[in-house]
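Reading through the structure tokens given below for one structure.
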Amino acid sequence: MNKFNTHNKGITKREDDYSQWYLDIIEKADLAENSSVRGCMVIRPYGYAIWENIQKNLNKMIRNSGAKNAYFPLFIPKSFFSREASHVKGFAKECAIVTHYRLKESENGNGVDVDPEAKLEEELIVRPTSETIIYDTFSRWVTSWRDLPLKINQWANVVRWERRTRPFLRTAEFLWQEGHTVHMTHEESLKEAIDRMEMYVQFAREFLALDVYYGKKSQMEKFAGAVDTYGIEALMQDGKALQFGTSHDLGQNFSHSFNIKFVDKDGVSKYPWQTSWGVSTRMMGALIMAHSDDSGLVLPPKIAPIKVVIVPISRSENRDLVMNYANEIFEILKGGYDRDEIVLDDRDYLSPGAKFNEWEKKGVPVRIEIGSKEVESGNALVVRRDSGEKVLFGKDVLFDEVGNILNDIQRVLFERSCEDLRSKTYRVESYDELKRVFEEGNGFVSAHWCGDSECELKIKDELSVTTRCLPFGREGKKGRCVCCGKECDEEWLFAKAY
RNA sequence: CGGGGAGUAGUUCAGAUGGCUAGAACGCUGCGUUUGGGACGCAGAGGCCGCAGGUUCAAGUCCUGUCUCCCCGACCA
């Protein structure tokens with residue numbers, strides 16, 4: 001319960017308790033709730049509609065990259081999983097395992113028990129990621145250079161038995177897409193890994209209105225089984241970093257362990273080069289945290305399930321008049337939106353204030369208020385969720401102006417995110433400066449690092465700060481490692497991470 | 001895996017030293033009045049007090065066991 005009595009419309013203020021604020025937004029905006037299964041959440045219809053919008057738009061980009069969607073089993077034979085040594089090591093501690101296939105009545109007569117007779121010959125892992133089951137398949141699909149490149153994507157659920165979970169950010173089961181590609185050369189697979197990372201960056205900026213950093217992860221932070229991992233890092237309002245997309249250069253690690261081979265043009269049998277890449281429902285966590293405020297969720301219009309809500313405000317004596325006019329406004333706008341994207345809120349058992357609050361909590365970008373004043377003047381009062389600004393428009397221009405405002409909100413949110421990222425990124429030269437940044441607040445810190453994991457570990461132990469990535473496309477200037485002082489030319493981004 | 005807390009109505013909780021015929025707020029249902037920033041009145045529905053034992057004339061309340069959930073930390077491709 002709220003011990004500070006600081007609730008604003010039932011939502012804890014960010015400055016009082018950021019993490020409670022996040023949980024409040026999820027509850028009050030009807031995004032998700034805890035289920036009866038520990039660590040697994042129920043994604044409610046409104047939250048799922050956001051995920052569907054993410055899927056719809058990202059799926060288009062994935063298909064444009066040449067990947068085709070397919071679906072692979074939820075279960076992975078245990079032996080597959082252990083074929084790639086570092087892969088199994090990375091996931092071993094959080095696997096759910098199926099050992100039996102049948103129940104029987106309990107000895108004491110109430111309930112059911114696992115039937116010990118029904119033990120599986122080979123135990124099955126519930127996929128925490130699908131490299132192994134997919135590459136087992138790929139070993140049959142790939143035989144010739146003509147089969148390459150092979151680009152496959154799947155939308156699926158995966159399970160990682162996390163000790164500690166938080167809605168969307170880390171759940172025991174989550175939804176994601178995972179792309180898997182196979183190439184003839186390393187040059188080509190590396191390009192694919194980087195292209196997909198850049199695709200995620202473009203998606204974040206264009207649809208989520210989120211500016212991000214992106215680049216190579218350190219060897220310690222990379223994916224278990226990858227040669228190199230590339231990551232996308234966003235900044236949350238509390239100054240912590242959230243990694244919400246990764247793309248892996250798998251080299252030939254998996255093609256060797258899964259015996260994927262192709263006969264090249266020269267007649268020689270060769271191991272191909274692979275990538276995998278994914279984003280998950282964790283991205284929803286980034287979306288929620290990045291833009292929202294103390295009144296509730298704020299959504300970029302391109303991702304918002306409901307873009308416009310019309311709220312009629314009537315007295316009993318003019319109800320018909322107001323409702324007719326509200327309907328007229330609805331008809332004017334309706335052609336510009338899908339059926340679910342525009343709502344006429346005609347629930348007459350709720351006061352206007354209650355409706356305003358509800359739609360604000362849900363982050364609907366544009367609200368249109370229709371009352372007796374609007375009926376008389378032939379206008380509509382348009383209210384923006386991002387700024388609260390209210391503007392009157394005549395019926396004749398309303399359709400265009402609402403469209404303009406939606407575009408403008410998308411733009412403003414992105415600019416705000418860019419500014420936020422820029423203003424909370426610091427450049428430091430020494431360990432003391434690094435330390436001071438995280439004593440005074442959070443954010444991204446750009447600093448020289450020699451690449452030695454000993455330095456990385458020391459910083460992690462002492463400051464709870466980790467390397468996020470070596471950002472792309474930056475010329476390395478000579479400098480000294482913030483930790484050990486050794487000369488080096490790589491400037492890495494550091495942050496406290498979710 | 002370590003530390004803490006909690007299981008009582010749909011939800012959040014109150015129920016000192018056992019006396020309960022188990023309450024409140026919000027939510028829910030019906031009727032009526034309302035509607036420019038979370039409306040109000042009246043009437044209702046809703047509980048095996050996590051589960052299993054025990055102590056007692058009497059157990060949400062005490063004892064034992066057990067299960068579950070939440071929070072903090074460690075871990076987290």
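Chain identifiers are assigned alphabetically (A, B, ...) following the order of the sequence lines, protein sequences preceding nucleic acid strands; residue numbering begins at 1 within each chain.
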Checklist entry - Under 3.5 Å, is there an N or O donor on one side and an acceptor on the other linking the side chain of A/Glu358 and the base of B/G38? => result no

Item to check | Closest nucleotide among B/G37, B/C75, B/G36 to the A/Lys390 side chain | outcome: B/G37

Next on the checklist: Starting the side chain at C-beta, find the nucleotide from B/C70, B/G36, B/C76 nearest to A/Asn34.
Outcome noted: B/C70

Item to check | Residues A/Glu328 and A/Lys395 bridged, charged N to O under 4.0 Å | outcome: yes

Checklist entry - If you check every side-chain atom of A/Ile313, which of B/G36, B/C75, B/C69 has the closest atom? => result B/G36

Checklist outcome for this item: The glycosidic conformation of B/G18, counting syn as within 90° of 0 and anti otherwise, is anti

Next on the checklist: When the C1' atoms of B/C69 and B/U12 are compared, how many Å lie between them, rounded to an integer?
Outcome noted: 15 Å

Checklist entry - Do the side-chain N or O atoms of A/Lys355 get closer than 4.0 angstrom to the phosphate oxygens (OP1, OP2) of B/A39? => result no

Checklist entry - Say you pick atom C1' in B/U21 and the same atom in B/U17; how far apart are they, in whole Å? => result 23 Å

Checklist entry - So what does A/Glu131 hit on the nucleic acid, given a heavy-atom distance under 4.0 Å: a base, only sugar-phosphate, or nothing? => result nothing

Checklist entry - Roughly how many Å is it from CG in A/Asp24 to C1' in B/C70, rounded to a whole number? => result 15 Å

Item to check | A/Lys216 side chain reached by A/Thr229 side chain, heavy atoms, under 4.5 Å | outcome: no

Checklist entry - If you check every side-chain atom of A/Ser351, which of B/C76, B/A39, B/C69 has the closest atom? => result B/A39

Item to check | Non-hydrogen atoms of A/Ala304 and A/Lys307 that approach each other most closely | outcome: O-NZ, 2.8 Å

Item to check | For B/U61, the Watson-Crick or wobble counterpart (both distances under 3.5 Å) | outcome: none

Next on the checklist: Suppose we define a pair by two distances each less than 3.5 Å, Watson-Crick or G-U wobble; what does B/G44 pair with here?
Outcome noted: B/C28

Next on the checklist: By the 4.0 Å heavy-atom rule, please label A/Thr129 as base, sugar-phosphate, or nothing.
Outcome noted: nothing

Checklist entry - So, A/Asp293 side chain and A/Gly296 main chain: donor-acceptor pair closer than 3.5 Å or not? => result yes

Next on the checklist: I want to check something: taking the side chain as every heavy atom from C-beta on, are A/His183 and A/Pro149 in contact at a cut-off of under 4.5 Å?
Outcome noted: yes

Checklist outcome for this item: In short, A/Trp492 meets A/Cys469 closest at the heavy-atom pair CE3-C, 3.4 Å

Next on the checklist: Of the listed nucleotides (B/G36, B/C76, B/C1), which one gets closest to any side-chain atom of A/Glu94?
Outcome noted: B/C76

Checklist outcome for this item: Testing B/G37, B/A39, B/C76 for proximity to the side chain of A/Ala354, the answer is B/A39

Next on the checklist: Heavy atoms from C-beta onward define the side chain here; which of B/C76, B/G36, B/C75 lies closest to that of A/Ser372?
Outcome noted: B/G36

Checklist entry - Hey, are A/Lys362 and A/Asp30 close enough for a salt bridge, meaning a charged N less than 4.0 Å from a carboxylate O? => result yes

Next on the checklist: Against the six-membered ring of A/Phe80, is A/Arg83 placed for a cation-pi contact (under 6.0 Å from the centre, within 45° of the normal)?
Outcome noted: yes

Next on the checklist: Considering every strand and a 4.0 Å limit on heavy-atom distances, what is the contact class for A/Arg170: base, sugar-phosphate, or nothing?
Outcome noted: base

Item to check | Whole-Å C1' distance, B/G37 and B/C51 | outcome: 47 Å

Next on the checklist: Could you tell me how far apart A/Lys217 (NZ) and B/C76 (C1') are, to the nearest whole angstrom?
Outcome noted: 13 Å

Checklist entry - Does B/A39 have a Watson-Crick or wobble partner in any strand here, with both distances under 3.5 angstrom, and which is it? => result B/U33

Checklist outcome for this item: Regarding B/C48, purine or pyrimidine glycosidic angle vs 90° from 0 gives syn

Next on the checklist: Rounded to whole Å, please give me the gap between CG in A/Asp30 and P in B/U11.
Outcome noted: 16 Å

Item to check | Value in whole Å for how far the C1' atom of B/G38 lies from NZ of A/Lys361 | outcome: 8 Å

Checklist outcome for this item: Of A/Gly353 and A/Ser86, the one whose closest nucleotide on RNA chain B sits nearer the 5' end is A/Gly353

Next on the checklist: Can you check the distance between B/U64 and B/A74, where both ends of the measurement are the C1' atom (answer in whole Å)?
Outcome noted: 33 Å

Checklist outcome for this item: Between CZ of A/Arg367 and C1' of B/G37 the distance, given in whole Å, is 8 Å

Checklist entry - Which part of the nucleic acid does A/Glu374 contact within heavy-atom distance under 4.0 Å: base, sugar-phosphate only, or nothing? => result base

Item to check | Rounded C1' spacing from B/G41 to B/C57 in Å | outcome: 46 Å

Next on the checklist: Without decimals, in angstroms, what is the distance between A/Arg282 CZ and B/C76 P?
Outcome noted: 13 Å

Checklist entry - Can you check the A/Leu350 CG to B/C40 P distance for me, whole Å? => result 13 Å

Item to check | Base-pairing mate for B/A74 - Watson-Crick or G-U, with both contacts under 3.5 Å | outcome: none

Checklist entry - If you check every side-chain atom of A/Ser316, which of B/C76, B/G38, B/U34 has the closest atom? => result B/U34

Checklist entry - How many Å lie between CZ on A/Arg163 and C1' on B/C69, as a whole number? => result 17 Å

Checklist entry - Hey, is B/A16 sitting syn or anti, using the within-90° cutoff around 0? => result syn

Checklist outcome for this item: As its Watson-Crick or G-U partner within any shown strand, both distances under 3.5 Å, B/A6 has B/U68

Item to check | Whole-angstrom distance between B/A59 and B/G3, as gauged at atom C1' | outcome: 32 Å

Next on the checklist: Given B/C76, B/G36, B/G37, identify the nucleotide with an atom nearest to the side chain of A/Phe356.
Outcome noted: B/G37

Next on the checklist: If I pick the P atom on B/G15 and the same atom on B/A6, what distance separates them, to the nearest angstrom?
Outcome noted: 12 Å

Checklist entry - What integer number of Å spans the P atoms of B/U55 and B/A22? => result 25 Å

Item to check | Side chain of A/Pro352 - closest among B/G36, B/C70, B/A74 | outcome: B/G36

